[in-house]
Amino acid sequence: MVSWNVLIAGYAQNGYVHEADCLFQQMQQEGIELDNVAWNALIAGYSLNGHSHKAFKLLLQMDSLCMKPDSVTFLSILKAWSVFTRPENVCLIHSLILEWELHVDVMVANTLIDVYGKCGSIDDARRVFDMLNIKHNVVSWNAMIIGYAQHSLGQEAFDLFTKMGCIGVEPDKFTYASILKAVSSILALDHGKLVHDQVIKSGFQGDVFVWSSLMDMYVKCGSPEDAQRLFLQTCGQDTVMWNALISGHAYNNDYNLALHCFQDMQQGDCGLD
RNA sequence: GUUCCUUGUGCC
């Protein structure tokens, strides 16, 4: 059984969903008892290859065969439905998750927060977040903060950021990149500077994601000089930081500066495109 | 053995 499952997963992960499905059906016809791992492997295969409807169908089929979908099943399903999806679809999946009482699984809940946020249902995301209550980890906070950022709800994000500090959840590099995007979205330079201080204190200045987010925050909040200053503290090898800087100058109508910056980058000869 | 949850710029 185990080796059959490995085979299904192997096909599925490498884009051979059809082959995986054939194998799966063959096993069914031969009366082999297919366990959750087999089902999950096939569902994951369809999910990974963009066949969200088929993945969902399989989930319903599991239900009708009295199988019990687990957190792995739903993490796959949610992944499939996380791109360009409508809130109603997420709601439907959510209701099934509640039915199976898998909302208590922190990874499932975190994924729900993320997907709700990405499809525009920030209130639903918050409800899931609040339901998690004591069980949420740093990923839950991060998912919620980036959701607010994507909705330009910078103050809500900042309140959460402050709150997590109060109750002793340590921000990580994801938190910093996310909160910086959030404060940029409302042009809150003062908040951004507070976060900057914390980045230094907590030792995340070496992370390119965090540092470029800081630069971008200064650019978006109308302080490209600060962005420039941060940039000079790096080795100048990161394309994203260059882009942030150049667009920042262009944004502030400093086309000469933007051009100079661009030329510097080309002369830098560090293998950039 | 199956899924492994969240983060950066611009262009399109």
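Side chains are part of it too, since the values below use all heavy atoms of this structure and drop only hydrogens, waters and symmetry mates. Sequence lines set the chain letters: A, B, ... in the order given, protein chains first and strands last, and positions in each chain run from 1.
The nearest whole Å value for the distance from the CG atom in A:Leu102 to the C1' atom in B:rU2 is 15 Å. Between the CG atom of A:Leu59 and the C1' atom of B:rU3 there is a distance of 14 Å, rounded to whole Å. Rounded to whole Å, atom P of B:rU3 lies 13 Å from atom CG of A:Asn36.
Residues that satisfy the salt bridge (Lys or Arg N to Asp or Glu O under 4.0 Å) test with A:Lys118, not counting sequence neighbours, are A:Asp114. Partners of A:Phe231 by ring pair (Phe, Tyr, Trp, His ring centres under 6.0 Å), not counting sequence neighbours, listed by chain and number: A:Trp242.
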Sequence-aligned protein contact record of nucleotides 4-11 of chain B, with B where the base is within under 4.0 Å of a protein heavy atom and S where only the sugar-phosphate is: BBBBBBS-

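The stretch residues 126-144 of chain A participates, sequence neighbours left out, in these salt bridge (charged side-chain N to carboxylate O under 4.0 Å, His left out) pairs: A:Asp124-A:Arg127, A:Arg126-A:Asp130. Among residues at least two apart or in separate chains, ring-ring contact (aromatic ring centres under 6.0 Å, His included) pairs with a member in residues 184-206 of chain A are A:Phe158-A:His191, A:Tyr176-A:Phe204, A:His196-A:Tyr218. Applying the salt bridge (charged side-chain N to carboxylate O under 4.0 Å, His left out) test to residues at least two apart or on different chains, the pairs with a partner in residues 88-99 of chain A are A:Arg86-A:Glu88.
Side-chain contact of A:Thr162 with A:Asp159: a donor-acceptor pair under 3.5 Å is absent, judged by distance alone.
Among the atoms of the strands shown, base atoms are found under 4.0 Å from some heavy atom of A:Asp35.
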